[in-house]
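See below for the structure under consideration.
Keep in mind the model is a prediction, meaning the values are calculated, not measured. One is the number of the first residue; the rest follow in order along the sequence.
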Amino acid sequence: MKAIRYFILSCMVVLLSCKEDHAPILDFSDPFGDSSDENVPVPGLWESERPILISEQSQSQVLIIDSLSKGELWSWKAAEALSTAEAAWFREIDEAKAVYNRKYVLLTASSGGVALVRIADKKIMFYTNAKGSPHSAEVLPDGNIVVSCSTTSDGEGDALKLYKVDSLSAYVAKETKRYNLTFGHNAVWDLKRNVLWATDDQNLYTYRYNGNSSNPELIKEEVFYGLPDRSPHDLFPVYGKDQLYLTTATGIYIFDIGTETFSPHPYAKANIKSISDGPHGFGTLVIEPNMSYWTDRLTNIRGVSVFFKPGYKMYKARWFIDNPFSYPTEHPYVQSN
């Protein structure tokens, strides 16, 4: 009898310890309906305790999954939203960010596309063909959008491009301003300092934004910071700290803004495409390519599989949570005049 009791207790401990991995699969099949109200909840999405936002290239899509059940909560596919010609701009989606209190997703594609999509009804609020291999974008305080473009042979890359969002037309054909930025791969707004952070192939820079409705302008500040390694890629806030993650060709670094120093992250892996952490208990997600420059398996820094889908080509992943480093607690969607 003692052996039987011990066996039962052992099974209970194992089940409890694996609770997150064996949570029941939820039913996310309910349709949105026809409402365009941004406050209409997406079934299952806001009840999820650990949602993850993923950029996925095999189906040219952005999706939100629940990391506990592994179920899909929401997705947006270019082919379902745009004409064939315009959908081609979004063939290689490489980043998605939750913005405006997680009611919108800002996404870029190295095939040219940039879009701001409302989650509730998947309405496209802004889109363009930025060309130049966009790898990141950011919303500015007045609703305008800045796009970071990598190196290309067509003369459209190596730039930060500033777009004036048009309240009357979602499609914007051309940037308002363009700034040289070799190997542009990232853009992060800093709410505390009111600056934009971005790297070229050698340095980390900050830009002031004048917010002028008739003549919006980014102004590069004189102070900049030499990078600890080549091929800078992902730049994203460390949750709850005055720090930024930076991934490079050979490792991951943390830039402490107060001390203005880079420190190597203990997870010393090369060519990490994205890194994202969250509140206590969330863990740190990484996209570590296992096929070419993408992966079919999302892991954390302990090497534990968080999400796996055969055939998927995941490029970046973020916890689908608010970003207090970049945006205020109340951050309603705005469009420039």
Could you check whether R118 makes a cation-pi contact with Y104, meaning its NZ or CZ is under 6.0 Å from the centre of the six-membered ring and within 45° of the ring axis? no
NZ of K273 to NE2 of H135: how many Å apart, nearest 0.5 Å? 6.5 Å
Which heavy-atom pair separates C149 from G132 by the least distance, and what is that distance? CB-O, 3.1 Å
Pairing of D322 and R102 as salt bridge, 4.0 angstrom limit: yes
Decide, yes or no, whether a salt bridge links R208 with E217 under the criterion of side-chain N to carboxylate O below 4.0 Å. no
Hey, does R50 have a side-chain heavy atom less than 4.5 Å from the side chain of W319? yes
Pairs satisfying side-chain hydrogen bond (donor to acceptor under 3.5 Å, both in side chains), at least one member in residues 250-265, at least two apart: Y225-E260, D229-T250, Q243-D256, D256-T259, T259-T261
Indicate the atoms forming the closest heavy-atom contact of A159 with R178, along with that distance. CB-NE, 3.4 Å
Would you indicate whether the side-chain heavy atoms of L116 and Y100 approach each other to under 4.5 Å? yes
How are the rings of Y209 and W189 set to each other: parallel, tilted or perpendicular (split at 30° and 60°)? perpendicular
Ignoring hydrogens and geometry beyond distance, is a side-chain donor-acceptor pair present between D158 and T151 at under 3.5 Å? yes
Using side chain to side chain donor-acceptor pair (under 3.5 Å), reason through E92 and S110 one step at a time and then give a plain yes or no. CA-CA 6 Å; E92 298 168 341; S110 55; 3.1 Å; yes
Can K103 and I119 be said to form a side chain to side chain contact (heavy atoms under 4.5 Å, CB included), step by step? CA-CA 6 Å; K103 293 180 179 179; I119 289 176; 5.8 Å; no
Mind listing the closest non-hydrogen atom pair of I124 and A170 along with its distance? O-CB, 3.5 Å
Going from CH2 on W294 to OH on Y312, what distance comes out if it is rounded to the nearest 0.5 angstrom? 14.0 Å
Can a cation-pi geometry be assigned to R297 and F307, taking NZ or CZ under 6.0 Å from the six-membered ring centre and within 45° of the ring axis? no
S60 (side chain) donor-acceptor with R91 (main chain) under 3.5 angstrom: yes
Please tell me if the side chains of L204 and F262 come closer than 4.5 Å, counting only heavy atoms from C-beta onward. yes
Give me the atom names and distance for the closest heavy-atom approach of L196 to L160. CD2-CD1, 4.2 Å
Within a reach of under 6.0 Å around CZ of F224, are more than 12 heavy atoms found that belong to other residues, nucleotides or ligands? no
If you count the non-hydrogen atoms of other residues, nucleotides and ligands that lie under 6.0 Å from CD in E49, is the total more than 12? no
Close side-chain approach of R318 to S274, heavy-atom, < 4.5 Å: yes
Only residue of L246, T248, I252 satisfying side-chain contact (heavy atoms from CB on, under 4.5 Å) with I272 is I252
Once you round to the nearest 0.5 Å, how far does CG of L191 lie from OG1 of T329? 8.5 Å
Pairwise side-chain contact, L63 with I52, heavy-atom cut-off 4.5 Å (strictly under): no
Does L244 share a hydrophobic cluster with Y239, counting links as ILVMFWY side-chain heavy atoms below 4.5 Å and allowing steps through other members? no
For P134 and A109, which heavy atoms make the closest approach, and how far apart are they? CD-O, 3.2 Å
On a heavy-atom basis, the closest approach of T152 and G157 is OG1-N, 3.1 Å
May I ask you to decide if V172's main-chain N or O and T128's side chain share a donor-acceptor pair within less than 3.5 Å? yes
Would you say L285 ends up clustered with M314 if hydrophobic residues are merged whenever their side chains have heavy atoms under 4.5 Å apart, either directly or through other cluster members? yes
Measure the CG-CD distance between D94 and Q57 for me, rounded to the nearest 0.5 Å. 6.5 Å
Neighbour count >12 (heavy atoms, 6.0 Å) for atom CG, N180: no
Could you give the distance from CG (L181) to OG1 (T199), rounded to the nearest 0.5 Å? 6.5 Å
Is the distance between the ring centroids of F282 and H280 less than 6.0 Å? no
Is there a side chain to side chain contact (heavy atoms under 4.5 Å, CB included) between V42 and L73? Walk through the geometry before answering. CA-CA 8 Å; V42 177; L73 303 169; 6.0 Å; no
May I ask you to decide if the ring planes of F320 and W46 are parallel, tilted or perpendicular, using 30° and 60° as cut-offs? tilted
Is any NZ, NE, NH1 or NH2 atom of the basic residue among K97 and E138 found under 4.0 Å from an Asp or Glu carboxylate oxygen of the other? yes
Is Y267 linked to I275 within one hydrophobic cluster, defined over Ile, Leu, Val, Met, Phe, Trp and Tyr using a side-chain heavy-atom separation of less than 4.5 Å? yes
Option from W197, F236, Y245 for which ring-ring contact (aromatic ring centres under 6.0 Å, His included) with F255 holds: W197
Lys/Arg N to Asp/Glu carboxylate O, K161 vs E156, below 4.0 Å: yes
Is it the case that one hydrophobic cluster holds both I93 and L53, taking links as side-chain heavy atoms less than 4.5 Å apart, direct or via other members? yes
Working for side chain to side chain contact (heavy atoms under 4.5 Å, CB included), residues T299 and V286: CA-CA 6 Å; T299 65; V286 290; 3.6 Å; yes
Any non-hydrogen side-chain atom of W74 less than 4.5 Å from a side-chain atom of K122? yes
Backbone N/O of F183 and side chain of D201: donor-acceptor pair under 3.5 Å: no
Checking side chain to side chain contact (heavy atoms under 4.5 Å, CB included) for the pair V188/S326: CA distance, chi angles, key distance, verdict? CA-CA 7 Å; V188 174; S326 298; 3.8 Å; yes
Which label fits Y315 and H233: parallel for a plane angle under 30°, tilted from 30 to 60°, or perpendicular past 60°? tilted
What distance do T108 atom OG1 and F90 atom CZ have between them, rounded to the nearest 0.5 Å? 9.5 Å
Inter- and intrachain pairs under ring-ring contact (aromatic ring centres under 6.0 Å, His included), touching residues 143-163, at least two apart: F126-Y163
Taking the side chain as C-beta and beyond, is there a heavy-atom pair between D190 and I257 under 4.5 Å? yes
Under 4.0 Å between a Lys/Arg side-chain N and an Asp/Glu carboxylate O for D142 and K164? no
May I ask you to decide whether K316 forms a salt bridge with D234, counting only side-chain N to carboxylate O separations under 4.0 Å? yes
Same cluster for M125 and V114 if Ile/Leu/Val/Met/Phe/Trp/Tyr side chains link at under 4.5 Å? yes
Is any NZ, NE, NH1 or NH2 atom of the basic residue among D242 and R193 found under 4.0 Å from an Asp or Glu carboxylate oxygen of the other? yes
Has the side chain of D66 got a donor or acceptor atom that lies under 3.5 Å from a matching backbone atom of G71? no
So V139 and L106, do their side chains get closer than 4.5 Å, heavy atoms only? yes
Just wondering, more than 12 heavy atoms not from K220 lying within 6.0 Å of its NZ? yes
Decide whether S148 and N186 meet the rule of one side-chain donor and one side-chain acceptor closer than 3.5 Å. no
For Q59, does its backbone N or O pair with a side-chain atom of E56 as donor and acceptor, under 3.5 Å? yes
